[in-house]
2 protein chains.
Amino acid sequence: MDQTDRTILSMLQKNADVPGKVVADAIGLSVSAVERRISKLKQDGTIEKIVAVVSGKAVGRGLTILVELEIQNEHRHTLDQFQRWLDRASEVQSCWYVTGDVDFVLLVAVRDLDEYNQFIERMMNDQQAIVRKYKSLIALKTVKRSLELPTDR
Amino acid sequence: MDQTDRTILSMLQKNADVPGKVVADAIGLSVSAVERRISKLKQDGTIEKIVAVVSGKAVGRGLTILVELEIQNEHRHTLDQFQRWLDRASEVQSCWYVTGDVDFVLLVAVRDLDEYNQFIERMMNDQQAIVRKYKSLIALKTVKRSLELPTDR
DNA sequence: TTTCTGACGCGGATTATCCGCGCATTCGGA
DNA sequence: TCCGAATGCGCGGATAATCCGCGTCAGAAA
C-alpha cells in the first residue's frame, strides 16, 4: 500500500466507472500495472466492493432521518439480536453502536413520514424488550453523502 | 422506471462490479437490453455514480465518530459558508442539516482520537463564529455501513 | 386498421480486461 | 561484494465485455 495505491483508491472512490486506461494515464503507469494493483486491492479487502450510488428521490426514498436509540439493557445476547434485526431492516442504511447518552444511531431512508412512522412502530413492536426510547432527527438537507475516506498521509 | 429497473438497481447497489451478462441472466433479459437500461439510469441521474467502497481500517481511518453540532445563528449566508467548509473537509464523509435540538450531524472518519481532536480544533477555530457547541458520539461498532436504498414498492 | 413509439434480441465492431512473458530493481543472506 | 529470490513493471496476444445499428414486435393513438 504505497502512494500509488492511495491515489488509485482516491480516484475509484469518486468514480469507479472508469477504464484502467484513464487511471493509468493519470498516474503515469501502464494499464496492466493499474489492473494488477486494483485486483490486489480487491483481493486483500482494501476495496470492499464496487457499488452504484442511487438517488433517493429517483426511487422514492427522498426522506433521510437519523434516529438515536436508547436501549433497555446492554447484555450481549440482546445486543446481538437487535443488531441482526437492524441489519435486515431495509430502511436502515447505516447503523452505529456509540458511546454517550444514546446507544445506537441509525441512518434511515424512507419515502415519507408515514413510512417512517411505520418503521418506528415496527421497531418498537418487534423490539419492545430492547428499545427504551428514540429520538428522530429529520434531515432538512443532505449537505454531503458518501462513504469516501481520505487516503493521504 | 419499472420493476425491471428496480431489480437492476437493487443488484447494482450491492455489487456494481458485474458484467451485464450476469444481470441479464438474473432477470431474463438480453445483455444489450440491460446495458441500455443501465445507461439510461445513469443518464437520468437515478444512478448518481459508481464508486469503490474502501475499508477504513485498511487505509488507517478506522475510527468513526458522529458529531452533533449546534450553531450560533441560522442565517442563510452563515449556513452556506459553513456548509462549503464541511464539504471541503475530507474527514467528513456525510453531513445532514436536521430538525431538533441540534442543527447538524456529521459523519466523520479519522485515524484516531488524536486526529479527531485536530479536526475539532480546526473546525472550532475556522468556524468559531458559527459553531456554538458540539457533541461526539464515538462509534464502538459499525453495525451496518452503506448508502443502499430499497427499491421495492 | 394503420401508424407511431419504444423496447427488444441479434450480432458485428470496438474497447477493456486478463494473463503470461521477459526485464529491471530491490533486498537479504553467503 | 556478489548473487539468488522476490517484486513490480511494460508489452502484447487471448479473451471478454461493451457499444451500437438493424430489423422485429407489441401496445397506444389516430
Side-chain angles (χ1 to χ4, degrees), chain A residues 1-61 146-153, chain B residues 1-62 111 146-153:
Chain A
M1 165 72 82
D2 56 12
Q3 187 50 46
T4 301
D5 282 337
R6 293 178 188 281
T7 304
I8 291 174
L9 289 174
S10 171
M11 292 183 72
L12 296 188
Q13 285 189 100
K14 291 187 173 60
N15 181 16
D17 196 13
V18 162
K21 179 82 164 60
V22 174
V23 179
D25 289 349
I27 64 183
L29 222 52
S30 74
V31 173
S32 52
V34 169
E35 290 168 344
R36 275 190 293 258
R37 280 172 179 267
I38 292 175
S39 95
K40 197 163 288 181
L41 290 167
K42 288 176 183 170
Q43 192 63 37
D44 68 17
T46 302
I47 294 177
E48 294 180 353
K49 51 188 178 175
I50 307 287
V51 299
V53 177
V54 168
S55 156
K57 285 185 183 161
V59 294
R61 298 293 160 109
S146 84
L147 297 175
E148 191 177 339
L149 296 163
T151 57
D152 53 313
R153 266 175 285 175
Chain B
M1 166 71 81
D2 56 12
Q3 188 49 48
T4 301
D5 281 335
R6 293 179 188 280
T7 305
I8 292 174
L9 289 174
S10 171
M11 293 182 72
L12 296 188
Q13 284 188 100
K14 290 188 174 59
N15 180 15
D17 198 11
V18 162
K21 178 83 164 60
V22 174
V23 178
D25 289 351
I27 64 182
L29 222 52
S30 74
V31 173
S32 52
V34 169
E35 289 168 344
R36 275 190 291 258
R37 280 171 179 268
I38 292 175
S39 96
K40 197 162 289 182
L41 290 166
K42 288 177 183 168
Q43 193 63 38
D44 68 18
T46 303
I47 295 177
E48 293 180 353
K49 51 188 178 174
I50 307 287
V51 299
V53 177
V54 167
S55 157
K57 284 185 182 159
V59 295
R61 299 292 161 112
R111 179 194 315 276
S146 83
L147 297 175
E148 191 177 339
L149 296 163
T151 57
D152 54 312
R153 266 174 282 175

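Just so you know, these numbers come straight off a predicted model, no measurement behind them. As a basis for the values below, the full set of heavy atoms in this structure was taken, side chains included, without hydrogen atoms, waters or symmetry mates. Naming convention: chains lettered A, B, ... in sequence-line order (proteins, then strands); numbering from 1 in each chain.
Spacing between atom CD1 of A:Ile50 and atom P of C:dT17 amounts to 12 Å, rounded to whole angstrom units. Between A:Asp17 atom CG and C:dT17 atom P there is a gap of 10 Å when expressed in whole angstrom units. Note: CG (B:Asp2) to P (C:dG6) measures 15 Å, nearest angstrom.
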For A:Thr46 and A:Met1: C-alpha separation, side-chain torsions, deciding distance, then whether side chain to side chain contact (heavy atoms under 4.5 Å, CB included) applies.
CA-CA 9 Å; A:Thr46 302; A:Met1 165 72 82; 3.8 Å; yes
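To the nearest 0.5 angstrom, B:Asp2 atom CG is 4.5 Å from B:Arg37 atom CZ.
Ranked by how close their nearest DNA chain C nucleotide is to the 5' end, A:Val31 and A:Arg36 are led by A:Val31. Map B:Glu35 and B:Thr4 each onto its nearest nucleotide of DNA chain C; the residue landing nearer the 5' end is B:Thr4.
A salt bridge links A:Lys42 with B:Asp17: the distance from a Lys NZ or Arg NE/NH1/NH2 to an Asp or Glu carboxylate oxygen falls below 4.0 Å.
Side chain of A:Glu35 to backbone of A:Gly20: no donor-acceptor contact under 3.5 angstrom is found.
On the nucleic acid side, DNA chain D has its first and last nucleotide under 4.0 Å of a heavy atom of chain B at D:dA17 to D:dG21, going 5' to 3'.
Residue B:Leu12 forms a side chain to side chain contact (heavy atoms under 4.5 Å, CB included) with just one option from B:Asn15, B:Ile8, B:Leu9, and that option is B:Ile8.
Side-chain atoms of A:Glu148 and B:Val51, non-hydrogen and from C-beta on, never get closer than 4.5 Å to each other.
Nearest to the side chain of B:Ser30, among C:dG9, C:dA16, C:dG20, sits C:dG9.
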